[in-house]
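Take a look at the structure below.
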Amino acid sequence: MDATAHTHLDALEAESIRILRETKAECRHPVLLYSIGKDSSVLLHLLLKAFHPGKPPLPLLHVDTTWKFREMIEFRDRRAAETGVELIVHINEDGVRRGVGPVTHGASVHTEVMKTQALRQALAQHGFDAAIGGARRDEDPARAKERVFSLRGAGQRWEPRKQRPEPWGLYNAGLAPDESLRVFPLSDWTELDVWLYIRREKIPVVPLYFAAERPVIERNGALLVRDDERMPLDAGEAPTMRRVRFRTLGCWPLTAAVASSASNLDEIIDEMLETRLSERAGRIIDLDPADSMERKKREGYF
Amino acid sequence: MARANDDIATRLRALERRDTLRIAICGSVDDGKSTLLGRLLVEAGMIPDDRLQQMLRDSRKHGTQGDAPDYALLLDGLEAEREQGITIDVAWRYFGTSKRAFIVADCPGHAQYTRNMASGASSAELGLVLVDARAGVQTQTRRHLAILAMFGVRRVLFAVNKLDLIGYDVARYARIEHECKELARTLGIAQADAIPVSALNADNLVANSRQTPWYIGPPLLEFLETVSVEQRADDAFALPVQWVNRPDAHFRGYAGNISGGRIGTGSEIVVLPGGQRSRIARVIGGDGDLSSASAGDAVTLTLVDAIDVSRGDVIADAAHPPQIAAQFACHVLWLDDAPLLPGRRYLFKLATRTLGAQVTEIKYRIDPDTQAQLAATRLAANEIGYCNLSLDADIAYQPYARDRTLGGFILIDRESNATVGCGTLDFGLRRDSNVHWQHLDVDRAARARIKGQPPRCLWFTGLSGAGKSTIANLVERRLHADGFHTITLDGDNIRHGLNRDLGFTDADRVENIRRVAEVAKLMLDSGLIVLVSFISPFRAERHMARALFNEGEFLEVFVDTPLEICEQRDVKGLYAKARAGDIKNFTGIGSLYEPPESPEVHLHSDREPPAESARSVITALGL
Ligand SMILES: Nc1nc2c(ncn2[C@@H]2O[C@H](COP(=O)(O)OP(=O)(O)O)[C@@H](O)[C@H]2O)c(=O)[nH]1
């Protein structure tokens, strides 16, 4: 390999930057959906690179379900301050008023109201015509055919038949008045690529990804880290300190931890290569019927 | 745990240094593509345990292999996909080894889905083509290979599958191998190899099989890990400008991905198609200045001189710039269900440039099975044609065979915004070798001045019997009485003369309007007020007509009369015939009328007398 040869990570990075710039150039009012996890951390890093030496000319949007780990919120606010990128936080106030949460209403109602509806509200309120997300095609077989520029019809619905071919990465951002786009710059990345890139670029990630002693309760085989008092303990249930970490981050009552001693990036990647469980095994919300991913996509969850 | 940290670090360094191979995998239905891919992923250790368990459970429930594992299930789309009819889309798969990362475009097998291969083939460096050992090369193999060739895939690997079903017969395999390589050669694919495999038994997938001692090449995975793919032959620097980065008044940089070659500070460049020259002041990467950058890098450039550069321009090596043209010979693969019609206006996007375009001529259509050239006046979905393409302005380009980025384009429908076609530029047609534009000293303004009137085109559109001719006639009488020079082009009359060779198919309707619009323009150039009275049912053609004129010269007059009223009037008895089935493609009955979105004049002839309508038109003319 000569000095100019590009590695896989170089190629992924360059293509993602191209997608981010293309979105800004072709769309009227794009926004980057920042969910605080590792994929969002990579997206933010790429966004800074894409518009360097200027500041990114588009804001971040975090849809706060009010059930994120406190460490996530702290991390979010710190990164926004460090990078100087505009951060919009949206909460579905109507859902808050109705007291909607995962403990009282269950995973699907909570997700629908506090995440899906909240996102729709935020996009409509600010008039965003393109929302950039960190979803990857390797996450689930249901995503294998998703486009990079994914067309959404009225109500943010995904319309399978209207999706546009993208030869040569020639993205078509033309929209009718009630249409919008979801843009996925990390489409071609795998979970391994994401971690290798975080390691190479020294990108900050939420400490919850690293193993530490945390107060854990075990329910139906899932290890839950109780972040506050809103989740009542069952009779006889008491948190015990265990060495755990998270592979994905979401609402804390819906995200299972894994027992692990991997406390740095090298150990995380090594563990990932050895343990051989898919990423979504940690998302309690996904333990629904087989095509739930598909359904959520059409409802505008992604 | 407990593996030495040095070990981990070494392993991660190797992973970090991997390169990429982009593969398009295709085959006919049931050649075993899904089984092969699923099996390869499992054998290479790429499938997480929980998904593997799921597959084994599903195999017992609804696999095709009895109780044995059905590896194809690992890739199966969901129930919903089938209902939505998108099983036919390209599915993207990702896997890797310690040597290489693979991005796989899994192309659909059915013949009628050729168009769905476009996305996958356009970026592929290697085509992996499945062939069923019992059947050998099939029609679909030919089609897939032809598409791979059209999209510039220079290397293919034939996986001759189901060898177990021919008893690992070396003679039969050798015949198929020969047949495959012959086919690749005739299609101009530079390098072709073949591997005998059985996806079911994992023969020659990750390890050489004892069943095929006569096969001396590497197993499939090793082949993929080590195959070298041809790099871009052309290495002159070029960067399509994607975004002008202007964070403040002091900085102006041009961001984009380098499509070819290498650039450093001080390099001499030219900005195309404008032709301004300058030198590179800074090459800026994602987090700081670089001394140089090369093909594939996403960078931001600044220039020594303050010249005007915008998105869509190409910054290129001043000594070896790409070519410039506005008209091309090209291949087009049509993607949309509505056909490509010559003369219709589309948007064209190549690299970062988007502009208006039309296919002026379909020279021939290519038979997907024999590659024979067939006559064609339109292209239906999945058809490939060799065409002349005319753009609204010059662009910088390269022939596709030399450069995929500066030679590959898409066509976008102006109404629906859908991506309706894609294609590859072959060569530029120079205008002066094509049609020479004679410069004329006496221009339209001069001719109009002598007549003492501004030239105008009044374009009356509406259903048959809406009242277009009646109103146009009144308008012309009035103008004539006031001393204006006018002419009327009437649909029926023109069809008796200039357009008598045209019928009423969509393609002929487009041509009908194109000719009338051109004639109207000539008359407008001569200083006249031109009244055109044509049904002109399609928005795209009216846009095309409008585009021929200057701002303000063209007034679209929509004679908006409900179909029921026109049908009641039925002055020429045509609606009756159409209803009886004697006239096919009659607008409003067998053929669509697309009302204008924002006509300059909107008339309701069912609510006011024709004289009233005529007055509205005269007022709008504002003479
Ligand atoms: N005997 C045998 N059968 C195979 C082999 N590969 C695939 N098949 C079978 O061929 C059928 C079609 O395979 P599938 O992978 O679904 O084909 P696809 O349509 O090309 O994806 C299935 O019944 C497979 O089990 C092979 O190497 N040997």
Side-chain angles (χ1 to χ4, degrees), chain A residues 1 4-11 13-15 17-18 21-22 24-25 48-55 137-138 141-142 144-145 160-170 172 174-176 187-188 190 192-193 196 199-200 261-262 266-267 269-271 276-278 281 290-291 294-295, chain B residues 1 3 5 8-9 12 15-20 48-51 75-81 84-86 89-94 96 101 103 115 118-119 122-123 242-243 245 247 251 255 257 262 284 286-287 294 296-298 300 311 335 349 352 404-405 408-410 412 417-419 422:
Chain A
M1 215 185 277
T4 68
H6 290 84
T7 65
H8 183 55
L9 291 180
D10 293 334
E13 176 190 72
E15 181 59 15
I17 288 176
R18 192 176 76 83
R21 288 173 175 163
E22 197 67 7
K24 177 58 195 170
L48 294 168
K49 284 197 166 199
F51 297 98
H52 176 81
K55 279 242 156 65
R137 291 199 189 106
D138 86 318
K145 296 173 185 185
R161 285 171 192 281
K162 278 193 164 181
Q163 302 305 315
R164 299 159 178 171
E166 301 178 326
W168 303 290
L170 288 174
N172 167 359
L175 295 176
S187 288
D188 282 344
T190 63
L192 175 62
D193 297 326
L196 287 173
R199 177 176 179 274
R200 186 182 91 171
S261 57
D266 285 12
E267 287 170 2
I269 300 173
D270 186 54
E271 184 184 278
R276 328 225 356 85
L277 272 188
S278 70
D291 67 348
E294 191 69 17
R295 209 181 54 238
Chain B
M1 188 66 245
R3 280 148 38 86
N5 282 339
I8 303 176
L12 296 190
L15 286 173
E16 207 176 89
R17 278 203 300 263
R18 296 186 299 177
D19 66 352
T20 320
D49 293 344
D50 49 337
R51 275 184 59 201
L75 308 176
D76 246 18
L78 301 167
E79 201 61 40
E81 279 189 0
Q84 293 152 4
I86 58 163
D89 273 354
V90 167
W92 296 91
R93 325 264 180 212
Y94 305 87
I103 298 183
R115 60 178 157 181
S119 307
S122 72
S123 60
Q242 198 183 9
W243 169 252
N245 195 355
F251 184 87
N257 289 31
R262 161 172 287 280
I284 304 166
D287 30 34
S294 64
D297 289 333
T300 300
R311 171 171 163 88
L335 307 168
K349 183 173 183 183
T352 59
R404 288 185 180 190
T405 307
F409 64 89
I410 56 172
I412 299 168
N417 292 315
T419 300
C422 65

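Labels below follow one simple rule: chain letters A, B, ... track the order of the sequence lines, proteins then strands, and each chain is numbered from 1.
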What part of [X] is in contact with chain B, defined as an atom under 4.5 angstrom from a non-hydrogen atom: side chain, backbone, both or neither?
{"X": "A:Asp266", "value": "both"}
{"X": "A:Leu192", "value": "side chain"}
{"X": "A:Ile269", "value": "side chain"}

Please tell me if the side chains of B:Gln242 and B:Asn257 come closer than 4.5 Å, counting only heavy atoms from C-beta onward.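 Heavy-atom side-chain distance check passes, below 4.5 Å.
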Quick check: do A:Glu271 and A:Ser261 have side-chain heavy atoms less than 4.5 Å from each other? no
Greatest number of heavy atom pairs closer than 4.5 Å to chain B - which of [options]:
{"options": "A:Lys162, A:Arg21, A:Arg164", "result": "A:Arg21"}
{"options": "A:Gly54, A:Pro53, A:Ala11", "result": "A:Pro53"}
{"options": "A:Ile17, A:Leu175, A:Leu170", "result": "A:Leu170"}
{"options": "A:Glu22, A:Arg199, A:Glu15, A:Gln163", "result": "A:Glu22"}

In terms of heavy-atom pairs under 4.5 Å with chain A, which of B:Leu335, B:Thr419, B:Asp297 leads?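 Of the candidates given, the most pairs with chain A belong to B:Thr419.
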What option among B:Gly408, B:Pro247, B:Cys422 has the most heavy-atom pairs under 4.5 Å with chain A? B:Gly408
[X] versus chain A, the contacting section by heavy-atom distance below 4.5 Å:
{"X": "B:Leu15", "result": "both"}
{"X": "B:Trp243", "result": "side chain"}
{"X": "B:Ala255", "result": "both"}
{"X": "B:Ile410", "result": "both"}

Under a 3.5 Å threshold, yes or no: a donor from one side chain and an acceptor from the other, between B:Thr300 and B:Asn245?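 No, no side-chain donor-acceptor contact under 3.5 Å.
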Restricting to salt bridge (Lys or Arg N to Asp or Glu O under 4.0 Å), what partner residues turn up for A:Arg137, sequence neighbours left out? A:Asp188
Contacts of A:Lys49 that satisfy salt bridge (Lys or Arg N to Asp or Glu O under 4.0 Å) - sequence neighbours left out: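 By the salt bridge (Lys or Arg N to Asp or Glu O under 4.0 Å) rule, A:Lys49 matches A:Glu13, A:Glu201, B:Asp287.
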Between A:Asp193 and A:Arg200, does any side-chain N to carboxylate O distance fall below 4.0 Å?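 No.
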Determine yes or no for a side-chain-to-main-chain donor-acceptor pair under 3.5 angstrom, with B:Arg404 supplying the side chain and B:Ser122 the backbone.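 Answer holds: yes.
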N/O donor-acceptor pair under 3.5 Å between A:Asn172 side chain and B:Asn417 backbone: yes
Kindly give the heavy-atom pair with the smallest separation between B:Ser119 and B:Trp92, and that separation in Å. O-CH2, 4.0 Å
